[in-house]
Amino acid sequence: MSLAEVREFIELLAKENPNAQSELIYTTPYTLLVAVVLSAQATDASVNKATEKLFEIASTPQAMVALGEDGVAQYINSIGLWRAKSRNVVALSAQLIELYKGEVPGKREALEALPGVGRKTANVVLNIAFNQSTMAVDTHIFRLGNRTGLAIGKDVLAVEKALVRRIPKDLLRDSHHWLILHGRYICKARKPECWRCPAPKICHYPDKILTP
DNA sequence: AACTCGGGGCA
DNA sequence: TGCCCAGAGTT
């Protein structure tokens, strides 16, 4: 996929998902960070439902620590991995208070040192909350990148670097939403619905299915 | 590299 | 009813 095609591809996906919001609904760096920690191996709808109630009670690290692990668990036990996530969210909040005066740090090393925060989560926060040129690569984006030819790489880091290098800066911040929605609902792992894809001519996937 | 956490969504 | 998931940590 040429660089001109990369831009066209991204713009077509953007047009396809005009209402993409996803992480943007979380208005502070802290609620964004917690929401993304909770989102691991879970669906966005279940996380949004849980965080809506949770953030009513605790939208700051101080309130989260006061709520405690058992309190947090009450709000998030409808999503998977809730024990570990409750533990991580409270521990992470305590560290924010102790090390960063309750603020979310804008540096990768600091973010990834927090419990429950890995490279993908750090990249979402850096991109959305701190407007840095990063890309959060999950399973959907990894598959879509390699399949379509948008970003070829043998591991997540390689795909991330390719995306940051190739996606135009003005599109980088929002492209995460468009890519992940496209990967989730159209460019699916099994039975991709290529006939719904707005960019079959640009895609390099050799096994395209152009009719239902 | 393999294993674990985990309730819910979906075929 | 079984398989898989908007990852991260441990072994």
Side-chain angles (χ1 to χ4, degrees), chain A residues 13-14 16-17 19-26 29 31-55 69-70 72-96 104-105 108-129 134-148 150-151 153-160 163 172-193 196 209 212:
Chain A
L13 295 191
E16 198 73 359
N17 298 287
N19 298 321
Q21 292 191 327
S22 204
E23 295 89 351
L24 294 175
I25 68 175
Y26 298 105
T31 53
L32 172 67
L33 172 62
V34 172
V36 178
V37 167
L38 296 181
S39 77
Q41 297 296 102
T43 60
D44 58 341
S46 68
V47 173
N48 290 345
K49 189 179 172 190
T51 54
E52 187 178 355
K53 296 288 185 183
L54 174 63
F55 292 152
E69 287 182 26
D70 294 339
V72 173
Q74 286 190 303
Y75 292 95
I76 70 167
N77 61 12
S78 60
I79 64 179
L81 311 178
W82 57 270
R83 267 180 283 262
K85 287 174 180 177
S86 299
R87 202 162 49 239
N88 283 339
V89 165
V90 172
L92 160 168
S93 300
Q95 288 192 22
L96 291 182
V104 174
R108 170 180 305 285
E109 306 74 42
L111 287 168
E112 291 189 11
L114 298 168
V117 180
R119 183 154 189 110
K120 185 261 182 177
T121 301
N123 277 334
V124 173
V125 173
L126 290 171
N127 187 343
I128 304 297
T134 65
M135 269 298 297
V137 178
D138 56 28
T139 54
H140 291 307
I141 296 183
F142 180 78
R143 175 185 68 255
L144 183 155
N146 278 294
R147 177 184 280 173
T148 63
L150 172 67
K154 64 182 186 310
D155 55 31
V156 167
L157 187 58
V159 169
E160 177 190 319
L163 288 170
L172 195 54
R173 178 177 158 84
D174 291 322
S175 50
H176 181 254
H177 314 301
W178 305 325
L179 290 172
I180 202 161
L181 288 173
H182 190 64
R184 177 83 180 88
Y185 296 109
I186 296 180
C187 197
K188 301 186 291 186
R190 293 167 304 285
K191 297 185 179 181
E193 300 184 7
R196 296 174 56 198
I209 305 168

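So that the names make sense, note that chain A is the first sequence line, chain B the second, and so on, each numbered from 1.
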Compare side-chain N and O positions of [X] against OP1 and OP2 of [N] and report whether any pair is under 4.0 Å apart.
X       : N     : value
A:Ser78 : B:dG8 : no
A:Arg83 : B:dG6 : yes
A:Ser39 : C:dG7 : no
A:Trp82 : B:dG7 : yes

Practice task
Establish, from distance only, whether the side-chain atoms of A:Asn77 and A:Arg83 form a donor-acceptor pair under 3.5 Å.
Solution key: no
Problem - Upstream residue (5' side of DNA chain C) when A:Arg190 and A:Pro115 are each assigned their closest nucleotide - result: A:Arg190
Practice task
Take A:Val117 and A:Thr139, find for each the nucleotide of DNA chain C with the closest heavy atom, and name the residue whose nucleotide sits nearer the 5' end.
Solution key: A:Thr139
Using whole Å, report how far [atom1] of [X] lies from [atom2] of [N].
X        : N     : atom1 : atom2 : result
A:Ile180 : C:dC5 : CD1   : C1'   : 11 Å
A:Asn88  : B:dC5 : CG    : C1'   : 11 Å
A:Leu81  : B:dG7 : CG    : P     : 9 Å
A:Phe142 : C:dG7 : CZ    : P     : 13 Å
A:Tyr185 : C:dC5 : OH    : P     : 14 Å
A:Glu69  : B:dC5 : CD    : P     : 17 Å
A:Arg87  : B:dG6 : CZ    : C1'   : 13 Å
A:Leu111 : C:dG9 : CG    : P     : 12 Å

Handout entry: Neighbour count >12 (heavy atoms, 6.0 Å) for atom NZ, A:Lys188
Key = yes
Exercise for the section: Please say whether more than 12 non-hydrogen atoms of neighbouring residues, nucleotides or ligands are located less than 6.0 Å from CG in A:Asp155. Expected result: yes
Handout entry: Inter-nucleotide P distance (C:dT10, B:dG6), Å rounded
Key = 14 Å
Handout entry: Atom P, compared across C:dT1 and B:dC5: separation rounded to whole Å
Key = 23 Å
Practice task
Tell me what A:Ile76 touches on the nucleic acid: a base, only sugar-phosphate, or nothing, going by heavy atoms under 4.0 Å.
Solution key: nothing
Practice task
For A:Gly80, answer base if it contacts any base atom (sugar-phosphate contacts may also be present), sugar-phosphate if it contacts only those atoms, and nothing otherwise; contact means non-hydrogen atoms under 4.0 Å.
Solution key: base
Problem - Residue whose closest nucleotide on DNA chain B lies nearer the 5' end, A:Gln41 versus A:Lys191 - result: A:Gln41
Handout entry: Atom pair CG/CG of A:Leu96 and A:Leu114 - distance to nearest 0.5 Å
Key = 5.5 Å
Problem - Side-chain heavy atoms of A:Ile209 within contact of A:Glu193, under 4.5 Å - result: no
